[in-house]
Amino acid sequence: MSTRFPHIRQDFAASLVVFLVAVPLCVGVAVASGVPAELGLVTGIVGGIVTGLMPGSSLQVSGPAAGMTVLVFEAVDTYGLPALGVIVLAAGLLQLAMGALRLGRWFRAISISVVEGMLAGIGLVIIAGQLYAAAGLEAPSSGLDKILGLPGAVVDMLGDTEALVSFAVGAGTVAVMVLWRRMPGPARAVPGALAAVLLATAVTLAFALPVATVEVHGLLDAVQPPGADAFGQLASIGLIGTIVAFALIASAESLFSAAAVDRLHDGPRTRYNQELMAQGAGNTVCGLLGALPMTAVIVRSSANVQAGARTKASRVLHGVWLLLFAALLPWALALIPLPALAGILVHAGWKLIPFRQVTALWRAHRGEALILVVTAVSIVVVNMFEGVLIGLALAVVKTAWEASHAKLEVIDKGAGPIQVYLSGNATFLRLPRILDALESLPEDRPVELDLSGVHHLDHACRTALQTWAERHGTPVKVTGGGVRAVAADPEQPVTPA
C-alpha cells in the first residue's frame, strides 16, 4: 500500500480538511443560486471524483463556486431549473472542445484587470443579495436594485423581530469566520466556515430561534436529468449566449485558479489544455445530472495544499466523503439555518473584491484600475455576461491605444524647409494629434516629412497624410512611409526622397 501510494497519509488527512471546507460552501452556493441544496453537493462529488481523477492540475480542487452564483441564479430565474442541466452540459462540451483545440493557454492572455473586476462585481452582487437572505427578506432581481434597495430593507428589518433575529444569526456567522483565525492552534484545525455553521446551528436549536433552515429533498429526488423539453430551449439565442458565458467564465476562473495554486506548491505544474478538458468532463457529468456548474475553487484548493496534500488522491477522497455525507446524513442539512449560509456567502463575496489590487493598480497603472472598476460596476448595473464583455472591450481599446504610440518632432531652424520626424506606430487612434501638429505648420514654408522611423502606418493615417500633403500650400518632401510627395504647383512636382 505504501509502495503504490507513498503519500496516502498526507493525502488522506488533507482530504478530510477539504471535505470539511467544502460542505458548507457547496450547500451555501446551491441555496444562493436558487437550486436545491443537494445539487451543490452533487457538483462537489463530481468535481472530486470525476474531475479529480483526470490529468491537468494535481492539487487543484473543483466544485460549485461563489463566482458562478450570480450567473446561475439569473439562468434559473430566466429559463427554469430543468434548463440548468442543458446549459451546464453544453458548457461542458464546449470546454472539452476548447481543450481538444488546445485553447487552454489562451485564457492566460485575458486581462487580469477584467478577471479581478469580474470577481469584484460578482462579490458586490453576492453581498447585496445575501444581506436580504440573512434577514429572511426577498431580494430584488437585478444587482443594481439589490444595492439601491438596501436602505429600505434595513427599515423593514428593524420593524420585524424575526428578521432581526435571522440577521443576527447571519452576522454572528460572519463574525465567527473572521475571528476564527485568531483562535488557538488546535481550534484552527477546524475550518472557520464549518465552525461558524455548527455554532449557528447549535445556537438556533438551543434557543429555538425562529429562522428558516435548509429544505431537504433527498439526493435522488434533487437529481433531475434534463428532459426533451429542456433541450428544446437550445433554439433560444439567449440560452446559447448563457451557455457561452458559463463556459468562458468557468474556464477563466478555473485556469486563473490553477495559476494561483501552482504558486503555492513545488509539485508538477498545471497542463492547461488537459485541465480545461477535465473541467469540461466534470461539467458534462454535472449537466447530465441537472446539477450546478463547477469550476476550480481557490479556497478549497489552497486548503488542500496547506493541509499537506501531495497527489490528486486528496481531492478524489474529498469527493468520496461528500458522497457518503450526502447519502448517509442528508437530514443534517435540514438543521442548517439559512442565515448562516448567507453569512458564509457574504464572507466569500467580500474575499472576491480585490481591495489591495485596486490600490496597487491605481498607483502604478491607472488605466488597468479603471478597467477593473468599470467591469465591476457594469456587472452590478447590467449583468455578468455583458459586464465582462464591456471590460474586455475596454481592455482591447486600452491596449490598442498604448500600442499606437507615435512621436512627432518638429524642427524649424528659421531658414530652409521645416523638418518633421514621425516615429512609432501611426494609427487612426493617434491621427487627430498628428494632424493637429501638421496643420499648425506655416503654409508658406516647405516641409520635409520623415516617416522612416514609423514601424506601422495604417490606411487611415496614410490617406490623411496624403491629403494633407496635397493641400499644403508649399512643397512637401516625404521620406519613407510610402506617402506620395506633392507640390502646391502641379507644374513643379516634388520627387520623393
Side-chain angles (χ1 to χ4, degrees), residues 16-41 44 66 126-127 129-139 153-154 156-219 222 299 303 321-322 324-351:
L16 292 175
V17 172
V18 178
F19 161 70
L20 295 176
V21 172
V23 169
L25 290 174
C26 287
V27 177
V29 168
V31 173
S33 300
V35 305
E38 292 88 349
L39 292 183
L41 292 174
I126 289 175
I127 291 171
Q130 293 307 305
L131 288 176
Y132 290 90
L137 302 174
E138 185 175 352
V154 172
D156 293 340
M157 182 182 68
L158 293 177
D160 187 339
T161 303
E162 290 189 2
L164 280 173
V165 171
S166 180
F167 187 81
V169 173
T173 303
V174 176
V176 170
M177 293 186 68
V178 172
L179 297 174
W180 196 254
R181 288 175 291 182
R182 301 183 182 179
M183 297 292 288
R188 288 202 305 272
V190 179
L194 181 66
V197 168
L198 291 177
L199 287 173
T201 303
V203 170
T204 301
L205 293 174
F207 294 96
L209 299 179
V211 298
T213 57
V214 175
E215 293 184 14
V216 177
H217 303 281
L219 191 62
V299 174
W321 309 144
L322 284 174
L324 293 175
F325 174 81
L328 302 178
L329 299 172
W331 54 267
L333 297 178
L335 303 176
I336 300 176
L338 288 179
L341 296 178
I344 288 177
L345 268 296
V346 167
H347 185 264
W350 182 265
K351 293 177 71 174

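Since the model is a prediction, treat every value here as computed from it, not as a measurement.
Atoms CE and CH2, from M177 and W180 in turn, are 11.5 Å apart once rounded to the nearest 0.5 Å. Here the CD1-NZ distance, from I127 to K351, works out to 12.5 Å after rounding to the nearest 0.5 Å. With rounding to the nearest 0.5 angstrom, the CD1 atom of I126 is 13.0 Å from the NE2 atom of H347.
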Listing, residues 201-212 side-chain donor-acceptor contacts under 3.5 Å, not counting sequence neighbours, or none:
{"from": "T201", "atom 1": "OG1", "to": "V197", "atom 2": "O", "distance (Å)": "2.8"}
{"from": "T204", "atom 1": "OG1", "to": "A200", "atom 2": "O", "distance (Å)": "2.7"}

### Task
Show the numbers, then the answer: is there a side chain to side chain contact (heavy atoms under 4.5 Å, CB included) between L341 and I336?
CA-CA 8 Å; L341 296 178; I336 300 176; 3.8 Å; yes
### Message
Pair L338, V31 - check side chain to side chain contact (heavy atoms under 4.5 Å, CB included), show working.
### Response
CA-CA 8 Å; L338 288 179; V31 173; 3.7 Å; yes
#### Entry: Verdict with reasoning, F19 to L324, per side chain to side chain contact (heavy atoms under 4.5 Å, CB included)
CA-CA 11 Å; F19 161 70; L324 293 175; over 6 Å; no
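Across E138 and Y132, no two heavy atoms sit closer than the pair O-CD2, 3.8 Å. L41 approaches A326 most closely through the heavy-atom pair CD1-CB, 4.0 Å.
For W321, the side chain to side chain donor-acceptor pair (under 3.5 Å) partners are S15, not counting sequence neighbours.
Under the 3.5 Å distance criterion, the side-chain polar atoms of T173 are left unmatched by any main-chain donor or acceptor of I344. Using modelled atom types, no side-chain atom of T213 and backbone atom of P337 make a donor-acceptor pair closer than 3.5 Å.
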